[in-house]
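Since the structure comes first, as structure tokens, the remarks are kept for the end.
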Amino acid sequence: MSYFVAPNSIVRTIWGKADTILFIFAGASAEFALNKAVDWLYFTGKLPSDPLGRLFSTVAYARQIVFSEEEQALNSIDKIAAIHQAVEQKRAAQIPDWAYRDVLFMLIDYSIRAFEVLERKLTQEEKEETFDVFYRVGARMGIQGLPTTFEDWQKMREEHLRDNLLSSEFTHDLYRQYQKHLGGVRFFILKQAQTLVVPQRVNRLLGLGKIPLLIPVVTTYKLFRYLKLENLLKDTILPTAYKPQIAALDTRSDYRLT
């Protein structure tokens, strides 16, 4: 049986745990708000009207790719491409290739960053494996100008962070929507999680601060997880309406944590 992502891949480990996925999208939610192409997300209205719902729909597609047989994964990628093409047709314009690359680069970068915050440092081989999986996703989608090696991706990622981010009215509005849907306490936790995973330029543009107060919480969570009590902490900090979806993210087998 052929899989798009090998059963023993580090990418399955990363995307098989709710904790890591939530940190991935904490980082991505910060960077999305700064991206110069964020107006495309506002064109459909789905992200500002329901940012958490959009998160879970995006996670569903990503996990279909990571955990499915190759043919099904390729079908999921093709469906994502078709959805974006339909949006382009409605707006009578094309999403820039650099904007597609930005989203792909976020998935690579925050997969690595989130795992390293919550688990351990990845090896160079594991980082390259993470890059390769999402490179193949982008290539299947027909995204132009993709780097073909991890080293080239690192250089292009820095260029994109320098050139494609801007604090705008979209940024401020999106953060208002985050706060509206999460509530004050959970919004604060989101920003603290972002502080732990985002690159320095993202932090600086958003003014997140240099001292992540969430570090003791992460340390406590790791202790709770070791004692098999992590659900107690999750129940305290996660939105009640989304607990079933969050719990479902932990249904996959875990690989290569040692």
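One-based numbering along the sequence shown.
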Q.
Between Glu116 and Leu122 (side chain of the first, backbone of the second, donor and acceptor by atom type, cut-off under 3.5 Å), is there such a pair?
A. yes
(Q) Less than 4.5 Å apart, side chain to side chain, heavy atoms only: is that true for Lys79 and Tyr61? (A) yes
Q) When Glu31 is tested against each of Arg113, Arg201, Arg157 for salt bridge (charged side-chain N to carboxylate O under 4.0 Å, His left out), which residue passes? A) Arg157
Q: Side-chain contact test, heavy atoms from C-beta onward, threshold under 4.5 Å: evaluate it for Lys191 versus Tyr175 and give yes or no.
A: yes
Q. Is any side-chain heavy atom of Glu169 closer than 4.5 Å to a side-chain heavy atom of His172?
A. yes
Q.
Has Glu69 got a side-chain atom pairing as donor or acceptor with Ser2's backbone, closer than 3.5 angstrom?
A. no
**Q.** hydrophobic_cluster_shared for Val117 and Ile10, side chain cutoff 4.5 Å
**A.** yes
Q: Indicate yes or no: at least one non-hydrogen side-chain atom of Phe32 is less than 4.5 angstrom from one of Val103.
A: yes
Q: Please round to the nearest 0.5 Å and tell me the distance separating atom CD1 of Ile21 and atom OG1 of Thr58.
A: 12.0 Å
Q) Do Thr13 and Glu126 have side chains that get closer than 4.5 Å, going by heavy atoms? A) no
Q | Under 3.5 Å side-chain donor-acceptor pair for Glu128 and Gln124 | A | yes
Q.
Between Arg101 and Asp97, does any NZ, NE, NH1 or NH2 come within less than 4.0 Å of an OD or OE carboxylate oxygen?
A. no
Q. According to the interplanar angle, ranging from 0 to 90°, do the rings of Phe134 and Trp15 count as parallel (below 30°), tilted (30 to 60°) or perpendicular (above 60°)?
A. tilted
Q) Is it true that atom CD of Glu70 has more than 12 heavy atoms of other residues, nucleotides or ligands lying nearer than 6.0 Å? A) yes
Q | Contact check, side chains of Phe188 and Leu182, non-hydrogen atoms, under 4.5 Å | A | no
Q: State, yes or no, whether a side-chain contact exists between Val137 and Leu107 at a heavy-atom distance under 4.5 Å.
A: no
(Q) Has Thr130 got a side-chain atom pairing as donor or acceptor with Val11's backbone, closer than 3.5 angstrom? (A) no
Q.
Contact between Ser167 and Leu206 at the side-chain level, heavy atoms closer than 4.5 Å - yes or no?
A. no
Q: Could you tell me whether a side-chain N or O of Lys36 sits under 3.5 Å from a main-chain N or O of Ala99, the two making a donor and an acceptor?
A: no
Q. Is Glu88 atom CD crowded by more than 12 heavy atoms from other residues, nucleotides or ligands, each under 6.0 Å away?
A. yes
Q) So, does Tyr178 use its side chain to make a donor-acceptor pair with the main chain of Ser29 at under 3.5 Å? A) yes
Q. For Leu208, does its backbone N or O pair with a side-chain atom of Gln194 as donor and acceptor, under 3.5 Å?
A. no
Q.
In terms of relative ring orientation, are Trp153 and Phe131 parallel, tilted or perpendicular, with 30° and 60° separating the classes?
A. tilted
**Q.** Axial cation check for Phe4 ring with Arg140, 6.0 Å and 45° limits
**A.** no
Q: With rounding to the nearest 0.5 Å, note down the distance linking OG in Ser111 to CE in Met106.
A: 12.5 Å
